[in-house]
Each structure stands twice: as structure tokens, then as C-alpha cells.
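Below you'll find the structure, written out as C-alpha cells, and then a few comments.
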Amino acid sequence: MSAPAITPVFVRLKLSLLRNGLRQSGGRKAAYITSAVFALLFAALQLIGLIALRGHAHAESVVVLAVAVLGLGWAVMPLFFPSGDETLDPTRLVMLPLRPRPLVRALLTASLVGIGPLFTLCLLVGSVVAVARGGAAFAVGAVAVVLALLVCVALARAVAAANVRLLTSRKGRDLAVLSGLVIAIGAQIVNFGAQRLGASGLGELDPAAEVLQWVPPASAIGAVHAVSEGSYGRAVAQLALSAGALVALLALWSRHLTRLMTSPDGSTLPSAESAAKERSSTGLARLLPAGRTGTVMDRSLRYVWRDPKTKAAWVTSLAIGLIVPVFNAWQGTGSVYFACFAAGMLGIQMYNQFGQDTSAFWMVAMTISSARDAYVELRARAYALLLITLPYATLVTVLTTAMLGDWRRLPEALGLSFALLGAMLATGAWTSARFPYSIPQEGYKNVAPGQTGLAWISIFGGMMAAALLCAPVIALTIWLNVSADGDDWTWLLLPAGTAYGAVLTAAGLKLAAPRTARRLPEILAAVSKG
């Protein structure tokens with residue numbers, strides 16, 4: 001007697017999970033329906049746009065790149081949003097007597113149920129319509145749509161299965177915080193790409209499309225265009241690449257499923273050797289000053305390296321601080337002064353210093369009994385930030401200057417960057433004591449409920465104050481650049497800006513220390529909320 005088919009069971013299970021999830025609360029149902037409506041509306045508009053692209057000289061380049069980006073999205077989404085689909089965790093099925101091949105087939109079919117696959121299907125259909133010419137091309141397009149859709153879904157499943165131990169752990173859930181980095185960097189890349197296309201036309205996409213048309217799942221769409229041009233051999237090769245990728249992904253997925261079903265979970269248990277190595281390793285701590293200053297610096301740097309939200313904020317600031325000036329310089333539309341963006345982005349990390357500690361701030365508060373203790377605490381945190389920010393801001397400024405070839409303005413750009421950094425350290429120390437707020441450790445929110453106003457005042461109010469504090473250096477820069485013989489003295493802006501930034505930092509720390517010592521109970525209550 002043959003075993004019953006499990007594929008219909010898994011499809012019904014997927015539908016039941018969706019239905020029961022919507023029954024949990026009205027807010028969740030409203031959010032799901034709203035997101036579904038917007039996604040489907042965007043898919044419909046995208047489908048219409050792709051159909052309208054039919055006959056355009058560069059239609060193939062657009063659709064090939066679109067499908068390639070779509071495949072990349074399917075690959076990374078399970079890493080950043082592991083809780084978006086409960087069926088991504090096959091370890092829930094380990095107690096069931098299921099073989100890998102039927103399980104892969106059932107899960108693959110169930111994965112085709114949802115908004116994501118429907119959105120992908122719309123894009124693929126529009127891509128085929130945009131490039132297909134003739135009955136043979138549309139026939140190949142039908143096969144290409146199925147292949148590309150299955151490759152996308154199998155890719156997501158293979159990635160999820162390979163990383164499921166990580167994704168279902170605490171560290172894996174914290175990985176989702178880095179999705180903000182992907183969105184921020186992606187938005188900047190899309191912005192600069194759109195500017196470049198607007199200036200040069202869609203022909204700029206052709207070189208990239210020539211390469212990506214051989215990379216699954218985009219190769220399936222490339223096969224449709226190849227048939228339209230009569231290149232049947234190339235079409236067969238491109239379809240074979242997509243089919244081969246699908247087979248390889250299914251085999252990889254099946255192998256990981258077998259391993260998950262038969263091996264114990266030891267992913268979260270560090271080996272004795274690695275644990276001993278971490279205990280005996282001091283690393284950067286050996287180079288830090290002795291006493292409280294070195295201890296606080298070491299703690300702050302460990303937050304940057306280990307705390308997911310602190311790390312995400314730093315990595316995002318580092319990336320955007322580099323992308324904005326360098327991309328503008330690369331396009332030939334930038335200025336050496338854009339390098340100040342790096343110092344500004346990293347200076348924001350000084351704001352809400354105590355909120356980064358969350359409820360653990362009580363241990364810090366126990367060591368602060370005077371304004372002197374508070375001053376040393378704030379100064380050490382500023383030193384830790386400067387340890388990263390100073391060399392980074394210098395590197396970005398030099399790189400931007402080199403790309404523009406405007407070496408004469410390097411001293412004034414560095415002086416402005418250091419002055420801005422000093423102003424932000426000063427205002428950040430003061431607002432940390434005056435407007436502290438809590439940062440939730442779980443989820444995607446960076447501000448606890450009810451404290452949004454405090455966050456806005458702290459960050460944007462502090463940034464405006466920092467801009468005003470930099471006014472003397474900005475005015476001096478303008479005056480030297482418009483003066484007849486000012487070019488001979490612009491080099492003075494580097495030592496002047498550096499000294500001015502140092503004075504501002506010292507003054508800000510001195511002003512913030514007494515307030516911090518007086519308001520310790522209020523700060524502790526604010527940062528422990530949520």
C-alpha cells in the first residue's frame with residue numbers, strides 16, 4: 001500500500017497558518033490586508049509598466065536586471081525576516097516520519113501560496129510579455145516563468161534550511177535588525193542609479209544585463225529574448241542553466257533537510273576551546289588606558305561589536321557616511337565638503353548614550369557618585385567613539401578628495417569634519433543626560449512606546465544645535481574662500497577646526513557631567529522603560 005500524498009496536506013497547512021494568524025488580532029489582520037493590497041497594487045502597476053516597455057530597444061536589459069534583483073531578494077529575505085513565514089522552519093517536522101524528497105516536493109508546492117509568489121509571478125509574466133515576439137517565444141516564456149518562479153522559491157527555501165539553526169536562535173532573530181542597513185544602503189544605490197539612468201538613458205544597463213542574462217533566474221527570461229531574436233542555441237543553454245540551478249537548489253535543500261532531521265542542534269553551544277580562547281583573549285583592551293576610562297571604552301566598543309542594534313546603527317552610519325560622498329564624487333556631481341557627511345553620521349552615535357545600556361544602566365549608575373565620575377564616564381564613551389570616527393572621517397575625506405582631484409580643499413574639509421564631530425559629541429553628551437530614552441532589545445523599534453518625542457528632541461534638536469555651534473568655522477571657511485588672498489590661508493582651517501572641535505567636546509562633557517550626576521534616577525527610569 002502506497003503512502004498518502006502529503007503535498008495537499010502541506011498546502012492546507014499553509015492556508016491554515018495564514019488564516020489562524022489573521023485571527024490573532026484585528027491589528028495584525030489590518031496590517032496584513034493593507035500590505036497585501038499595496039503589494040498587489042504595486043505588482044499590477046509593475047505588470048502594466050513592463051507590458052508598456054514592449055518594443056523598447058533596451059527592454060531586455062530592464063527585465064533581466066529586474067528578475068536578477070528579484071532573485072537576490074528571495075535569497076536574502078529569509079535571513080532578515082525569518083518570522084515572516086512559519087513554514088520556513090522545518091525543524092518543527094522532525095518528529096514526523098517524512099522522507100526528504102516528498103517533504104521537499106510538499107514544501108515547495110506550499111511555498112507557492114502567498115503574496116510573495118503572486119508578486120513574483122506578475123513580474124515574470126510582465127517580463128516575458130515585454131521581450132517575447134512570436135508564438136515560439138511565448139511558448140518558451142511559459143516555461144521560463146515556471147522555471148524562474150521555482151528557482152526563486154527553491155533559493156529562499158535552501159537558504160532558510162541552511163541557516164535555520166541560526167534564524168530560530170536569539171542571535172538569528174537579532175540579525176533581522178540589520179535589515180535596516182540593507183534598506184538604507186539599497187535606497188542610496190537606487191537613488192544614485194536612478195540619477196545616472198536619468199542622465200544617460202537605459203543604455204547604461206546593457207553591460208550588466210549581458211552578464212546577468214546567464215545567471216539564474218534571469219537566464220530564463222534571457223532565453224525568451226534569445227528565441228525572439230532567433231538564437232535558439234543560446235535559448236536552450238539559458239533554459240538549461242535555470243533548470244540546472246533548480247535541480248541543484250532542490251538537492252541542496254534536500255541535503256540540509258536530511259541533516260536537520262537527523263542531527264542534534266549544537267549550533268548555540270560554543271566549544272570549550274572557543275570559550276577558553278574568548279576568556280583568555282584581551283584584544284584591544286591591552287591598548288586602552290588603565291582605570292575607569294579604559295574599562296568604559298572597552299565596554300562601549302564591545303557594545304558596538306556584540307549588541308545587534310548598536311552594531312546595526314554603527315554599520316549603517318559607516319556605510320551611508322561613505323556612500324553619499326563617494327557616489328557623488330564618482331558621478332562628478334559631488335563636492336569635497338560632502339565628506340563631512342561621514343563625521344555627521346558617526347557623530348549621531350553619541351546621542352542617547354545611556355539608552356544604549358537599557359536596563360543594565362543601573363550597574364553604571366551605581367558607580368557614579370559625583371560630577372567627576374559622570375565626567376569620566378562620558379569622556380571615556382566619547383574616546384571610544386573617536387577611536388573609530390577620527391580615522392574613518394579622515395579616510396572618507398581623503399578618498400573623496402582624491403576622486404575629485406581637489407587636494408587644495410583637503411585641509412578645510414578635514415577641519416570642518418573635525419569641528420562638526422566635536423559639536424556633535426558636545427550636544428550628544430548633553431542630550432544623553434537631558435533627553436534619555438529606551439531602545440527595545442526585541443523587534444524592529446528603536447524607541448520605546450511613548451518616547452518618540454524624546455527621541456526627536458534628542459537627535460534632531462541636538463543636530464540643529466551642533467550646526468549652530470559650527471557656524472564660526474563655516475563662516476571662516478566662506479570668508480577665506482571669497483577673499484582675494486584667502487586661498488593662501490585655507491590650510492589654517494585644519495588646525496582651527498580641530499582645536500575648535502576639541503574645545504566644544506570638552507565644554508559639552510563638562511556641562512553634561514553635573515546634569516548626569518543629578519538626574520541618575522530619572523535617566524535610569526527612562527532607559528529601562530519597555
Side-chain angles (χ1 to χ4, degrees), residues 1-19 67 70-79 81-118 120-121 124 140 142-169 172 215-220 223 236-267:
M1 181 178 179
S2 61
I6 64 172
T7 300
V9 176
F10 273 76
V11 173
R12 291 197 298 270
L13 175 63
K14 179 65 174 289
L15 294 173
S16 297
L17 287 172
L18 290 174
R19 182 174 60 253
V67 175
L70 181 70
L72 178 63
W74 274 94
V76 301
M77 282 304 107
L79 298 177
F81 301 100
S83 61
D85 184 355
E86 296 178 353
T87 63
L88 284 174
D89 184 7
T91 57
R92 302 186 181 193
L93 308 173
V94 293
M95 300 302 294
L96 301 178
L98 301 173
R99 293 186 179 277
R101 286 189 178 181
L103 182 59
V104 166
R105 186 166 55 248
L107 287 174
L108 182 64
T109 306
S111 299
L112 298 175
V113 178
I115 299 174
L118 181 58
T120 303
L121 181 63
L124 293 173
V140 172
V143 177
V145 167
V146 175
L147 266 179
L149 179 60
L150 291 178
V151 167
C152 288
V153 175
L155 179 60
R157 286 292 181 171
V159 171
N163 298 277
V164 69
R165 297 297 192 192
L166 171 66
L167 298 178
T168 55
S169 66
V215 178
S219 59
V236 171
Q238 289 173 322
L239 282 178
L241 279 174
S242 294
L246 177 60
V247 172
L249 288 171
L250 292 177
L252 182 64
W253 183 12
S254 178
R255 187 177 70 177
H256 283 297
L257 280 178
T258 302
R259 183 181 303 170
L260 287 170
M261 298 295 184
T262 58
S263 62
D265 181 10
S267 61

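Quick note: numbers below take in every heavy atom, side chains included, and nothing from hydrogens, waters or symmetry partners. Note that the numbering runs from 1 along the sequence shown for the chain.
Between T258 atom OG1 and R101 atom CZ the span is 10.0 Å, to the nearest 0.5 Å. Atom CD1 in I115 sits 8.5 Å away from atom CG in L118 (nearest 0.5 Å).
Under a 3.5 Å cut-off, the side chain of T109 and the backbone N or O of T7 do not form any donor-acceptor pair. Side-chain atoms of S111 come within 3.5 Å of backbone atoms of L107 as a donor-acceptor pair (strictly under, hydrogens ignored).
Between L112 and P117, the shortest heavy-atom contact is O-CB, 3.5 Å. The two residues A154 and L108 make their nearest non-hydrogen contact at N-CD1, 4.2 Å. In plain terms, the two heavy atoms of A223 and L239 that are nearest each other are CB-CG, 3.7 Å. C152 approaches T120 most closely through the heavy-atom pair SG-CG2, 4.4 Å.
The closest side-chain heavy-atom distance from P216 to S242 is below 4.5 Å. Side chains of W74 and V159 form no contact here, defined as non-hydrogen atoms less than 4.5 Å apart.
Shown are L72, L249, L246; of these, the side-chain contact (heavy atoms from CB on, under 4.5 Å) with L155 is made only by L249.
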